[in-house]
Amino acid sequence: MPSKTRRYWLLKSEPDCYSIDDLQRDGTTFWSGVRNYQARNFMRDEMKPGDGVLYYHSSAEPPGVAGLAEVVREGYPDHTALDPEDDHYDPKSTPENPIWMMVDVKFVKKFSGIIPLSELKETAGLEKMMVTQRGSRLSVQPVTPEEWKIVTKMRK
DNA sequence: GCCAACGTTGGC
DNA sequence: GCCAACGTTGGC
């Protein structure tokens, strides 16, 4: 029987586009619009229902972790890639060969205050966390259990 | 608004 | 298959 270990992720979203408050309002959303193969592979192959998600606000003031979410549906085709009207339309994607994948996530909590990136960078144990590395652009990042434990204890 | 870092594209 | 050019991301 395959082991059922809970894994952890960091998902970036620009709050001007879709914030933690939007997720709280909606309860659940599909994580569409990712057009990077490495991030796609994580969603297609590795993210499973029950996995924990750090909800990160990028291009925000300040950028940082705004709250928690949880994966509720594993990877399935991202229909926004098939819609010529959509900003994320990709003509390379077809119903037969959808290329791009998304997962569904649900709201878990909004932190009492955002954890700024600057604070993550100063926190012992997070020196190697992907989001604290310079030039880290990946919008779906794996988080280690140790990093998850540290970050989730930083706010209520 | 700037620009470093990174990913993708396309000519060869 | 190399790599220069280009586009995008995202912190600052």
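Throughout, protein chains are lettered first and strands after them, A, B, ... in sequence-line order, and every chain is numbered starting at 1.
- Using modelled atom types, one finds a donor on one side chain and an acceptor on the other under 3.5 Å when comparing A/Arg35 with A/Thr80.
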Would you mind writing out the side-chain donor-acceptor pairs for residues 46-56 of chain A within the sub-3.5 Å range, not counting sequence neighbours?
unit_1: A/Glu46; atom_1: OE1; unit_2: A/Arg7; atom_2: NH1; d: 2.7
unit_1: A/Glu46; atom_1: OE1; unit_2: A/Arg7; atom_2: NH2; d: 2.9
unit_1: A/Lys48; atom_1: NZ; unit_2: A/Glu74; atom_2: OE1; d: 3.2
unit_1: A/Asp51; atom_1: OD1; unit_2: A/Arg7; atom_2: N; d: 3.1
unit_1: A/Asp51; atom_1: OD2; unit_2: A/Trp9; atom_2: NE1; d: 2.9
unit_1: A/Asp51; atom_1: OD2; unit_2: A/Lys48; atom_2: N; d: 3.0
unit_1: A/Tyr55; atom_1: OH; unit_2: A/Tyr18; atom_2: O; d: 2.9

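- Between the side chains of A/Ser136 and A/Gln141, at least one donor-acceptor pair of N or O atoms lies under 3.5 Å.
- Applying the salt bridge (Lys or Arg N to Asp or Glu O under 4.0 Å) criterion to A/Lys110, with sequence neighbours excluded, gives A/Asp21.
- Partners of A/Arg73 according to the side chain to side chain contact (heavy atoms under 4.5 Å, CB included) rule, which considers only residues two or more places apart in sequence or in another chain, are A/Tyr76, A/Asp104.
- Screening residues 86-145 of chain A for ring-ring contact (aromatic ring centres under 6.0 Å, His included), with sequence neighbours left out, gives A/Tyr37-A/Trp100.
- Once rounded to the nearest 0.5 Å, the distance linking NZ of A/Lys109 with CD of A/Glu70 reads 13.0 Å.
- Listed in residue order, the members of residues 116-138 of chain A having a heavy atom less than 4.0 Å from DNA chain B are A/Arg134, A/Gly135, A/Arg137.
- Nucleotides of DNA chain B lying under 4.0 Å from heavy atoms of chain A occupy a range whose first and last members, 5' to 3', are B/dA4 to B/dT9.
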